[in-house]
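Notes for the one structure printed next.
Below, each value reflects all heavy atoms present in this structure, side chains not excepted, and no hydrogens, waters or symmetry copies. Lettering follows sequence order; numbering is per chain, from 1.
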There are 2 protein chains.
Amino acid sequence: MGVSLKDVAQRAGVSIKTVSNVVNNYQHVTPKMRAKVQQAIDELGYRPNLTARHLRKGRTGIIALAVPEFGNPYFAELAGAVVDAAARHDYTVLVDHTAGLREKELLVSQGFRSHVIDGLILSPIHLETEDLMAREETAPLVLLGEREYEAPYDHIAIDNVAAARTAVRHLLDQGHRRIAFLGSRTGRERQPAHLRLRGWREELAAAGITPDEALVVVTDGYGREDGAAAMAALLDRGERPDAVFAYNDLIAVGAMRTLTERGLDIPADVAVVGFDDIEEGRYGTTTLTTISPDKEAIARLAVDSLVERLSGKPVPEPRRARPGYRLVVRESTGPRRTGT
Amino acid sequence: MGVSLKDVAQRAGVSIKTVSNVVNNYQHVTPKMRAKVQQAIDELGYRPNLTARHLRKGRTGIIALAVPEFGNPYFAELAGAVVDAAARHDYTVLVDHTAGLREKELLVSQGFRSHVIDGLILSPIHLETEDLMAREETAPLVLLGEREYEAPYDHIAIDNVAAARTAVRHLLDQGHRRIAFLGSRTGRERQPAHLRLRGWREELAAAGITPDEALVVVTDGYGREDGAAAMAALLDRGERPDAVFAYNDLIAVGAMRTLTERGLDIPADVAVVGFDDIEEGRYGTTTLTTISPDKEAIARLAVDSLVERLSGKPVPEPRRARPGYRLVVRESTGPRRTGT
DNA sequence: GTGAAAGCGCTAACAT
DNA sequence: ATGTTAGCGCTTTCAC
C-alpha cells in the first residue's frame, strides 16, 4: 500500500528511528540529517499512518458528538461549532444522531464504537441518572443540554430555568397574562422539558399569576410539526392564550404557522417566544423572539473539557459549566413591522 | 488499558485464534468452545480494538462526508440520511464541513486524515476538474451536488438543468414572464450555480422569452442573508420581477423576507420558487414551492457507490447516478395577479 | 545523535 | 477444529 517509515529510512539510508525523529520534530537531529530525511519523505510522498500511530499511542484523535437530530438546526449549528472547536485541538469529530431514542442514547454512552473514539460529547433527551451511573465505558463523557444529572460527568448547559424565566418575564412585560407553554413531554421518569417548564411556572408565580396547567401542551417531539399540532390542539380545546412560550424555536415556528392559518396575528393576537435562536427564526415573515444560547461557548467548553480529561491531567471534579445566553427580541413579540 | 484478545484467551484457557474465531463468527467452532469463550468475553467486557483491526486489515469502517455547511439544513438533512445509509453497511460516518472554502475542499479531497477513513463523500462548491485530476489520494471518492466534472469519480446528482427547467416551467404556467434568478455566483473559472442558471435560460428561451440578464443576481453565498440582500439589490435597481427562482431554499427564504419587508405580497405580487425542499420551507407564514431532490436516494446511492468500491469488486466506470426529484407546489407560487 | 528491537491488538497463513 | 507465528506501521526504551 502506502509508503512507510521503513521505505523512507531505506531511501535516505538511515534508520527508522531517525525518520521518526524528523517526522515528529524531535529536537536533537542534525540539520544535515533532517534535510536528507526530509528529501526522501518528499520524494516518496510519505505520510504517517495514523492508524498505526494510534494503535501504538492508544488514542485515535477522534471525538464523537451525539445529538438527537441533525434536522434540528440548533444541533446542526452546534455541530459546526464543535467541529471547529475540536479542530483547534487537532481533534476530528465523528457526528452521530440518536434520533431522540433512549436505546440509541444508551448504546452511544455505553461505548458503541468506543475503540474508534477517545471521548464523547452527548446531548441526551431520555437518558436517566441511573443509566449514566451504570455506564461501564471508560472513555471520557461530556454531557450537553437541559437534562440534569447526579452522575459524575462534566455537564455544559446554560441556566435553563433562568433563561426560561427571562423569556416569560419579557412576555409579562409586554402585558401578556395568559401565557401558554408548548413542548412539555412526559417522560417515564422525568420530563425532559422540565427546567424550561419550571422557569415558566416560577416566573408566572413570581408575577402573582397562578400557572394554568391547561395552557401547558405536551408534544410528541420537538419539531415544527409538533409545534403546529400543539398550537392547534390548544386552540381546538377553546384556550386562547395571548402569548406562547415554546420549548424551542422549531416548536415556535410550527405554532406560528398554525396561528397564521387560523388567521391570528403575531404578535397582536398572540405573541410567541422560542428558544435556541436558530437562524431560521431571523427570516420568517414574522421574525422570532427567542432565547439565544451562546453556541460557540457551549461547543468550546464541551471540547475543552473533553480535551482536558483526555490530556491525562487529573481533573478532580465533574464540572458544571454555564455558558451565557441572551434574549433576542424580534417581531413575534414586538411591534410588528410591515411594509404597508 | 483495555481487554485484549490475549486476556480473553488466557481467561478461557484457549488460544488467541480461537477467541478471534468466535469474535469474527468463524464457522468451524464447536458450540461448547464458543460458549466458553463467549463467557470469558462477557466476564471481561472485551470489545475488539478497531484500530488494531484496521492496521491489520487496512480499513477502518469509517467513511467521511464533507459538506459546505451544517448551517444549511439541506446538508444537515442529507448528513442524517448518509449516516443512516452508512449504518446499513456497518459504516460509521465522520462528518466534516468545508465552509465552502476551496482550500478546505482541496485539503479534504487530498486525503486530510485519510488514514482514518476508508472513503470520502464530498459535496464541493469550488473544486475544479483539475484539482480532482491532480488528486493523489487513493481512497475512493464520491462526488455530490451540482458541479460537473470530467474527472473519473462517481458523481451523484439530480438532473439540475431539468429540475431548474421544471421550476421555471411552473412559474411560466402560472402566467409569469419576468422571472428573476437569485444566487448566481461567478467563480473564477466556472459558475457553481451553472446548471440551475442554465435551466432558467433554457426554459425561458423555450417559451420564447429572451432571458433578461438584468434579472440574474449574483450572491456572495448561499444563505438566507444572501437571498435577502439579492432581492433587495434587485428591487433597489428598479427591477420588479413578477416571480423569482432561487438557487436554493435559503436564498428563497431570504428573498421572501425582503419582499415582506417591502410590503410585497407572495405570491400575488411576486411568486417564489426554491430548491432543496428543506423542512423550514413547509412552515413559514407563506410556505415555499420548491424542487425536492430525493435526499434518501442521494444518500443511499452515494454510500452504496462508495461501499461497492470499498468492497474491492472492480467497478469499471465512474458512475453518474441521477436520483429523482419533484416539484412541490406550496403557497409561494400562484397565478399571476391579473388586476393592475 | 542515531540504531536495534520490542510490542501495541489484531488477522491470516500455516501447522497440527 | 484449534494452536502458533509473523507482521501491519508506528513509538519507545535502551544501547551505542
* Any side-chain N or O of N24(A) under 4.0 Å from OP1/OP2 of dT11(D)? -> yes

* Any idea which heavy atoms bring E69(A) and F75(A) closest together, and the distance? -> O-CB, 3.4 Å

* Check the distance between dC8(C)'s P and D7(B)'s CG and give it to me in whole angstrom. => 10 Å

* What is the distance, rounded to the nearest whole Å, between atom NE2 of H54(B) and atom P of dC10(D)? -> 12 Å

* Asked: Are N160(A) and I158(A) side-chain neighbours, meaning at least one heavy-atom pair lies under 4.5 Å?
  -> yes

* Any Y46(B) side-chain N or O less than 4.0 Å from OP1/OP2 of dC10(C) -> yes

* To do: Report the distance from atom OH of Y26(A) to atom P of dT11(D), rounded to the nearest whole Å.
  => 14 Å

* From the options dT11(C), dT2(D), dC8(C), select the nucleotide whose nearest atom is closest to the side chain of M33(B). => dT2(D)

* To do: State the CG-OG distance between D304(A) and S311(A), to the nearest 0.5 angstrom.
  => 11.0 Å

* Could you give the NZ-to-C1' distance, from K36(A) to dG3(C), as a whole number of Å? -> 13 Å

* **L55(B) vs S15(B), nearer the 5' end of DNA chain D by closest nucleotide** => S15(B)

* Asked: Tell me: CG of N49(B) to C1' of dC8(C), nearest whole Å?
  -> 8 Å

* Can you tell me how far P of dC8(C) sits from CG of L5(B), to the nearest Å? -> 13 Å

* Does a side-chain N or O from S4(A) land closer than 4.0 Å to OP1 or OP2 of dC8(D), or not? -> no

* Nearest to the side chain of V29(B), which nucleotide is it out of dT2(D), dC10(D), dT2(C)? -> dT2(D)

* To do: Assess the side chains of D84(B) and H97(A): does a donor N or O sit below 3.5 Å from an acceptor N or O?
  => yes

* Asked: Without hydrogens or angle criteria, can the side chains of Y153(B) and R135(B) be said to hold a donor-acceptor pair below 3.5 Å?
  -> yes

Using nucleotides 12-16 of chain C, report all nitrogen or oxygen pairs with the protein that are shorter than 3.5 Å.
none

* Compute whether any side-chain donor of one residue and acceptor of the other, for T51(B) and H54(A), lie under 3.5 angstrom apart. => no

* Asked: Is the phosphate of dT2(D), meaning OP1 or OP2, less than 4.0 Å from a side-chain N or O of T18(B)?
  -> no

* Value in whole Å for how far the C1' atom of dT11(C) lies from CZ of R59(B) -> 13 Å

* Quickly work out the H28(B) NE2 to dG3(D) P distance and round it to whole Å. => 16 Å

* To do: Give a yes or no on whether a salt bridge exists between E137(A) and R47(B), defined as a side-chain N under 4.0 angstrom from a carboxylate O.
  => yes

